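What follows is a single structure, written as structure tokens, with notes after it.
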Amino acid sequence: GAVVSQHPSWVICKSGTSVKIECRSLDFQATTMFWYRQFPKQSLMLMATSNEGSKATYEQGVEKDKFLINHASLTLSTLTVTSAHPEDSSFYICSALSRGSAEAFFGQGTRLTVV
Amino acid sequence: AQSVAQPEDQVNVAEGNPLTVKCTYSVSGNPYLFWYVQYPNRGLQFLLKYITGDNLVKGSYGFEAEFNKSQTSFHLKKPSALVSDSALYFCAVRDRAMKSSGDKLTFGTGTRLAVRP
């Protein structure tokens with residue numbers, strides 16, 4: 001199957017700093033990428049959907065100024081958590097979908113800990 | 001709107017016994033259905049999918065699932081469980097034709113499978 005690489009796999013940052021998470025599709029063109037957040041022992045919560053070259057569409061309740069998403073190319077999307085706070089600590093997962101495909105492929109996830 | 005229900009938070013089974021993890025869905029049109037497995041601090045690993053065709057879908061690691069349109073179900077099964085199957089399992093649905101939901105996958109709440117030796 002197709003490969004989606006997410007980096008870093010874990011990160012610890014100080015409160016007030018920003019953290020960038022990258023999501024790359026390695027062997028296909030990802031026209032759409034999704035960013036999820038997962039709290040311990042809970043399901044995946046969709047944060048936003050991004051299409052290459054256009055602004056991301058955020059789900060209700062997700063602060064777009066706090067979670068900046070960029071999808072500048074067909075193989076790369078980034079999520080930047082700005083001015084991170086301890087409550088932003090979570091597991092973040094990206095997935096990528098190519099046009100016309102039924103199946104999205106998932107990255108390995110990033111464990112963010114804000115101290 | 002599309003939705004997925006996984007009615008069991010946890011399923012316990014003895015190694016060697018068959019296992020079933022339940023999933024029901026709701027979509028306006030025809031569904032794409034998926035099962036994923038997640039190990040601690042890892043992303044989702046794809047197990048199997050139903051797109052079209054045979055209702056019985058075979059996937060990775062000996063898992064299979066049966067699409068039942070009348071019952072709107074897509075239960076995950078395995079004839080003989082292994083201790084290494086212990087993990088968190090997610091069912092997901094995408095409506096093929098629903099423009100408002102775009103390409104979004106909707107996940108169930110997950111079912112933790114515990115296989116005892």
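Naming: A, B, ... by sequence-line order, numbering from 1 per chain. The structure presented is a predicted model; accordingly, all values stated were derived computationally and were not measured.
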Practice task
Look at the side-chain heavy atoms of Ile, Leu, Val, Met, Phe, Trp and Tyr, link any pair under 4.5 Å apart, and say whether Y39(B) and L82(B) land in one connected group.
Solution key: no

Practice task
May I ask whether L48(B) and V21(B) are part of the same hydrophobic cluster, defined by side-chain heavy atoms of I, L, V, M, F, W, Y residues being less than 4.5 angstrom apart, directly or through others?
Solution key: yes

Handout entry: Common cluster, W35(B)/F67(B), ILVMFWY with side-chain heavy-atom separation under 4.5 Å
Key = yes

Problem - Between CG on residue L46(A) and CG on residue L105(B), distance to nearest 0.5 Å - result: 9.0 Å

Handout entry: Whether over 12 other heavy atoms sit under 6.0 Å from H7(A) NE2
Key = no

Problem - Short N-O contact, R94(B) and E103(A), less than 4.0 angstrom - result: no

Problem - Any donor-acceptor pair under 3.5 Å from S43(A) side chain to G108(B) backbone - result: yes

Problem - From NZ (K104(B)) to OG (S95(A)), nearest 0.5 Å - result: 12.5 Å

Fill in the blank from the handout: Turns out that what part of F107(B) lies under 4.5 Å from chain A's heavy atoms comes down to both

Practice task
Tell me whether V57(B) is reachable from F46(B) by hopping between hydrophobic residues (I, L, V, M, F, W, Y) whose side-chain heavy atoms are closer than 4.5 Å.
Solution key: no

Exercise for the section: Would you give the length of the straight line joining atom CD1 of I93(A) to atom CD of Q38(B), rounded to the nearest 0.5 angstrom? Expected result: 5.0 Å

Exercise for the section: Give the intermediate values and the outcome of side-chain contact (heavy atoms from CB on, under 4.5 Å) for residues Y36(B) and F106(A). Expected result: CA-CA 10 Å; Y36(B) 294 91; F106(A) 286 80; 3.4 Å; yes

Practice task
Check the surroundings of atom NZ in K55(A): do more than 12 heavy atoms from other residues, nucleotides or ligands lie under 6.0 Å from it?
Solution key: no

Practice task
Please determine, among R111(A), Q38(A), Q6(A), the option with the most heavy-atom pairs under 4.5 Å with chain B.
Solution key: Q38(A)

Handout entry: Within one Ile-Leu-Val-Met-Phe-Trp-Tyr cluster: Y89(B) and Y50(B), side-chain cutoff 4.5 Å
Key = yes

Exercise for the section: Examine whether an atom of Q6(B) lies under 4.5 Å from a heavy atom of chain A, and if so say whether it belongs to the side chain, the backbone or both; otherwise answer neither. Expected result: neither

